[in-house]
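Worksheet: one structure, shown below.
Along the sequence shown, residues carry numbers from 1.
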Amino acid sequence: MKNKYQRLSKEDKMECRSMYYHTLKGKEMHLRLIRLNIIGLCGLLISAYIIINGIISNQIGWSDYLIAIPLFLASIIFVVGAYCIRGKVLNQFALKIPRFKNK
C-alpha cells in the first residue's frame, strides 16, 4: 500500500487530486507547491541568464560560475522536491479515502 496513488488510473488520480485540493489543508498545500515551483523556475531562469549572458559577452568569470551553478542546483532541488512532496501527500490522502482503498 506504499504507492497507492501511483497505481491509480488516470481518472482516479485526477479525482483524488481534486478531492484533496478542495480540502482546507489541500488548498494550503497547493499554494505552497506552486510557490516552490515558481521559485525553482525563477532560479533556473536566472542561472541560465547569468551563464548565457557571460558566454555572449565573452566576460564570464569564475564568480559567475560560483553564483550560477549553486543556484541551478538549488532550483533543481526545489522543483524535484515539490514533485516528491506532492506525490507523498496525495499517496497518504489516497490511503485514507475508503473509495480508493479497493482499487
> Atom SG in C16, atom NZ in K96: separation rounded to 0.5 Å?
Replying inline: 11.5 Å

>> Please enumerate all residues that pass side-chain hydrogen bond (donor to acceptor under 3.5 Å, both in side chains) together with E28, with sequence neighbours excluded.
In response: R32

Only pairs under 3.5 Å count here: list side-chain donor-acceptor contacts from residues 51-69, not counting sequence neighbours, and write none if there are none.
residue	atom	partner	partner atom	Å
S57	OG	N53	O	2.9
D64	OD2	G61	N	3.2

>> Count I, L, V, M, F, W, Y as connected when their side-chain heavy atoms are under 4.5 Å apart, and connections chain through other members. Are M29 and I97 then in the same cluster?
In response: yes

>> Please tell me whether F72 and I50 are part of a single hydrophobic cluster in this structure, the criterion being side-chain heavy atoms less than 4.5 Å apart.
In response: no

>> Under the rule for side-chain hydrogen bond (donor to acceptor under 3.5 Å, both in side chains), what residues qualify as partners of R35, not counting sequence neighbours?
In response: none

All N/O donor-acceptor pairs, side-chain side in residues 38-49, below 3.5 Å, sequence neighbours left out:
residue	atom	partner	partner atom	Å
S47	OG	G43	O	3.1
S47	OG	L44	O	2.9

> Tracing side-chain links under 4.5 Å among I, L, V, M, F, W and Y, which residues wind up in one group with L31?
Replying inline: none

>> So which atom in L95 and which in K4 form the shortest heavy-atom distance, rounded to 0.1 Å?
In response: CD2-CB, 3.6 Å

> Same cluster for M19 and L90 if Ile/Leu/Val/Met/Phe/Trp/Tyr side chains link at under 4.5 Å?
Replying inline: yes

> What pair of heavy atoms forms the shortest contact from Q6 to G87, and how long is it?
Replying inline: NE2-O, 4.3 Å

>> So, taking the atom named CG in L8 and the one named NZ in K13, what distance separates them when rounded to the nearest 0.5 Å?
In response: 7.0 Å

>> Please determine whether side chain to side chain contact (heavy atoms under 4.5 Å, CB included) holds for the pair N37 and R86, giving the CA-CA distance in whole Å, both sets of side-chain angles, and the decisive distance to 0.1 Å.
In response: CA-CA 11 Å; N37 281 331; R86 179 180 290 123; 3.7 Å; yes

>> By the ring-ring contact (aromatic ring centres under 6.0 Å, His included) test, which pairs, at least two apart or in different chains, include something from residues 19-43?
In response: Y20-F93, Y21-H30

